[in-house]
Participant: 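Can you keep this structure in mind? I'll have questions shortly.
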Amino acid sequence: MIHMIPARVLDEPPLTYADSFDVPVLFRDGPEKKPWRQWRTARHKPWVGSGGFPTTDGWYVSTTTWREIIKAAVEVGRDVTPHLQNQPRYAHGELVARVSPLYAYLGAHPVVPQYPVRGTKGRRLTLNPVYAYGTERSAKNAAAYRLGMTMTEWACRSLLGLGQTEHLELGGPIPALLEMFKDPQQKLPDLWGEHQAEGLYWLIEAKGGNVGLSALCKGWAQLAACSSILGSYAHRTVLVGASVRPGDDLFLTIDHDLHPGQPPLTPAGFGIDEPAVGPGNLEDRLGYSDDALIGAARAQMLTYLALSSAPTSQLRTVPVPAERASRHRRFGLTTPLEGDDLTLAMRAEARREASRTERHTLRARTRSMGLDDFLTCRIPGTEVHLGMSRKLFAACKRLREEDLAIAQRTPGLRAEDQPADNQELSDNAQEERRLTQRRIFRDRQEEARPRLRPLLRSAYERGVTSDWSDLLGRSQEPELDLENDEGLLEAATPETYLAVSRYGLPPARA
């Protein structure tokens, strides 16, 4: 008898994405010495989901895409948008700073592990010869920081289902404990987030580069200090080491510790009466959660500033199915579009319609076919294209208006309000002052949250019927691009777009 595959198993094509590579990950209960060559010689379990922490420690391997890594890079770290309220064009510079070290120093090489895992690609990231032979120590340290933050964000969000991360320097998850989190004497970790499926706060420290035991022990001590502040609230401490040396594979160690206790406040301690369910990606909950909408708009504010300040000639819109549920992710945050049959079919139909449709009505005709058009722009100085939907763009626009009002009515936040002798302060003193200003700004943003909810919800819902010319405040609409650019590898989330140049990927042999 022939046993047929059950009908409930989807007939899906294999992963064939051109920018795919494998990342070995070691889960363990605390820092240990670097596992010598085990990223090649150990038996790895395939990584099969993104909903939570694995039930057992040990070696795993996950296949991901360069697009997924770049998305983590542009979204993680300190929120600099309060400084860019009057100069949004400088958002491009911050985005360049976040992705350029990855392009500059990472390569890829073929790997034959001792125990191959079915479905993996046999390619792993490594350091390229520029890093190995031509980079000075200070540049290596800066690149290690960016690599550590990026891979930590990727692991926590794309693999483990954590929600949006926050920089811990602005205060932790419990309002009553904010002053303790802000204590300059405390050496605290980098990030925190809330894992909804686990019902836990996560405290996260990132390390990158040639990560040894001493660096991990320092990170573990930072997590322990932060854990003592969080006290009786249920949380998990997570230490991610993104370790790589010239000639070796990039691999991650994830050292973790679970602290049971009281469940998280909902959400983040602001007394919000909303269901805390669903996946970690905020964009999956925008339809019913006002606070998810605020969080998503804040997370995409850097991209919004880059898009809204770019010249119209550098903007274009790309068609994406308006039905968000059509983009089913295997795991991670993004859906590569070259393997999305619905997107390909709808774009092909739109191109056929374009040949018999007046240009001035083409955009409306395309939208009537069930395609939304996401606004996109290549970030100057990079091979990265970023974009977003009308609805999220409209919400970001409204949020920026509110942020501008906060800055204007809060004494001391503007550079013009600073004492004339400000430049005479030491670097440490200036950094402490800037940190204080960022914390004041974030406190004002949170105080405004109850008023923001209906404002952003209204803007988000109006955005779906708005013209791009109205949202951008310009008479000219950006070009609608219906052509398939073979040089781009595209990906989308429910409300955002990301593409990378096929020719700008890490070289096959570093």
Side-chain angles (χ1 to χ4, degrees), residues 21-50 52-64 69 72 105-128 131-132 140-141 143-156 158-160 189-190 202-224 236-258 506 510:
F21 50 85
D22 309 318
V23 181
V25 184
L26 173 61
F27 290 90
R28 56 192 185 183
D29 295 330
E32 298 178 18
K33 290 183 178 180
K34 184 177 293 185
W36 180 247
R37 299 293 288 175
Q38 291 179 18
W39 55 89
R40 289 274 184 95
T41 61
R43 290 185 181 272
H44 289 65
K45 302 172 188 175
W47 187 261
V48 294
S50 59
F53 231 77
T55 56
T56 59
D57 285 348
W59 279 99
Y60 294 80
V61 63
S62 173
T63 297
T64 189
I69 298 298
Y105 297 130
L106 288 180
H109 60 185
V111 169
V112 180
Q114 187 169 333
Y115 299 100
V117 175
R118 185 178 180 182
T120 54
K121 296 299 176 183
R123 295 176 74 235
R124 294 181 183 176
L125 292 176
T126 187
L127 293 170
N128 65 25
Y131 182 98
K140 289 182 177 180
N141 290 339
Y145 168 78
R146 181 51 56 188
L147 177 66
M149 292 291 283
T150 297
M151 296 309 297
T152 295
E153 178 83 353
W154 171 78
C156 289
S158 295
L159 286 189
L160 301 173
D190 295 306
W202 281 21
L203 305 175
I204 309 156
E205 172 64 11
K207 299 294 183 186
N210 186 14
V211 183
L213 181 59
S214 61
L216 292 177
C217 286
K218 290 178 182 177
W220 199 247
Q222 291 172 246
L223 288 166
R236 185 187 288 278
T237 53
V238 179
L239 172 62
V240 180
S243 189
V244 63
R245 297 185 304 181
D248 278 336
D249 313 338
L250 171 67
F251 71 95
L252 304 186
T253 56
I254 300 183
D255 301 307
H256 59 93
D257 198 7
L258 185 63

Participant: Write down the atom of Asp248, the atom of Val244, and the distance for their closest heavy-atom approach.
Facilitator: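 Shortest heavy-atom contact: O-CG2, 3.9 Å.
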Participant: Suppose we screen for salt bridge (Lys or Arg N to Asp or Glu O under 4.0 Å). Which residues come up paired with Arg43, at least two apart in sequence or across chains?
Facilitator: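 If we apply the salt bridge (Lys or Arg N to Asp or Glu O under 4.0 Å) test to Arg43, skipping adjacent residues, there are no hits.
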Participant: About how many Å separate CG of Leu106 and CG of Leu127, when rounded to the nearest 0.5 Å?
Facilitator: 6.5 Å
Participant: Just jot down the side-chain contact (heavy atoms from CB on, under 4.5 Å) partners of Gln38, sequence neighbours excluded, or say none.
Facilitator: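 In terms of side-chain contact (heavy atoms from CB on, under 4.5 Å), with neighbours along the sequence ignored, Gln38 is linked to Pro35, Thr41, Ala42, Trp59.
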Participant: To the nearest 0.5 angstrom, please state how far the CG atom of Leu258 sits from the CH2 atom of Trp202.
Facilitator: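 Answer for the CG-CH2 pair, Leu258 versus Trp202, is 10.5 Å.
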Participant: Go through the structure and list residues passing side chain to side chain donor-acceptor pair (under 3.5 Å) with Asn141, not counting sequence neighbours.
Facilitator: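 So Asn141 forms no side chain to side chain donor-acceptor pair (under 3.5 Å) with any residue.
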Participant: Going by heavy atoms in the side chains, are Lys140 and Tyr131 under 4.5 Å from each other?
Facilitator: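 Touching, per the 4.5 Å side-chain cut-off.
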Participant: Donor-acceptor pairs under 3.5 angstrom involving side-chain atoms of residues 207-222: please list them, not counting sequence neighbours.
Facilitator:
from	atom 1	to	atom 2	distance (Å)
Lys207	NZ	Glu205	OE2	3.1
Asn210	OD1	Lys34	NZ	2.3
Gln222	NE2	Leu188	O	3.0

Participant: List for me each residue that meets side chain to side chain donor-acceptor pair (under 3.5 Å) alongside Trp154, sequence neighbours excluded, and say none if there are none.
Facilitator: Thr64
Participant: What residues form a side chain to side chain donor-acceptor pair (under 3.5 Å) with Asp190, not counting sequence neighbours?
Facilitator: none
Participant: Identify the heavy atoms of Pro31 and Leu239 that sit nearest to each other, and give their distance.
Facilitator: CG-CD2, 4.0 Å
Participant: How many angstroms lie between CE in Met151 and CG in Leu125, if you round to the nearest 0.5 Å?
Facilitator: 6.5 Å
Participant: Test of understanding: with side-chain contact (heavy atoms from CB on, under 4.5 Å), list the residues that count as partners of Tyr60, not counting sequence neighbours.
Facilitator: Phe27, Lys45, Trp47, Pro54, Thr56
Participant: Would you say the side chain of Leu252 lies within less than 4.5 Å of the side chain of Leu26, judging by non-hydrogen atoms?
Facilitator: no
Participant: Between Ser62 and Leu159, what is the shortest heavy-atom contact and its length?
Facilitator: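 Smallest interatomic distance, heavy atoms only, reads OG-CD2, 3.3 Å.
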Participant: Give me each pair satisfying salt bridge (charged side-chain N to carboxylate O under 4.0 Å, His left out) with a member in residues 110-119, each pair once, sequence neighbours excluded.
Facilitator: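 Output for this query is empty, none listed.
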Participant: So which heavy atom on Thr120 is nearest to which on Thr63, and how close?
Facilitator: CA-OG1, 3.7 Å
Participant: Mind checking what makes salt bridge (Lys or Arg N to Asp or Glu O under 4.0 Å) contact with Asp257, not counting sequence neighbours?
Facilitator: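 So Asp257 forms no salt bridge (Lys or Arg N to Asp or Glu O under 4.0 Å) with any residue.
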Participant: Please list all pairs meeting salt bridge (charged side-chain N to carboxylate O under 4.0 Å, His left out) that have one or both residues in residues 23-32, counting only residues at least two apart or in different chains.
Facilitator: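 Non-adjacent pairs meeting salt bridge (charged side-chain N to carboxylate O under 4.0 Å, His left out): Arg28-Asp255.
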Participant: For Arg124, check side chain to side chain donor-acceptor pair (under 3.5 Å) against everything at least two apart and list the hits.
Facilitator: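 So Arg124 forms a side chain to side chain donor-acceptor pair (under 3.5 Å) with Asp249.
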Participant: Tell me, do Ser243 and Thr253 make a side-chain contact under 4.5 Å, heavy atoms counted?
Facilitator: no
Participant: Provide the closest heavy-atom pair for Ile204 versus Leu223 in the form atom of the first, atom of the second, distance.
Facilitator: N-CD2, 3.9 Å
Participant: Which pair of non-hydrogen atoms, one from Val117 and one from Pro46, has the smallest distance, and what is that distance?
Facilitator: CG1-CB, 3.8 Å
Participant: Test of understanding: with ring-ring contact (aromatic ring centres under 6.0 Å, His included), list the residues that count as partners of Phe21, not counting sequence neighbours.
Facilitator: none
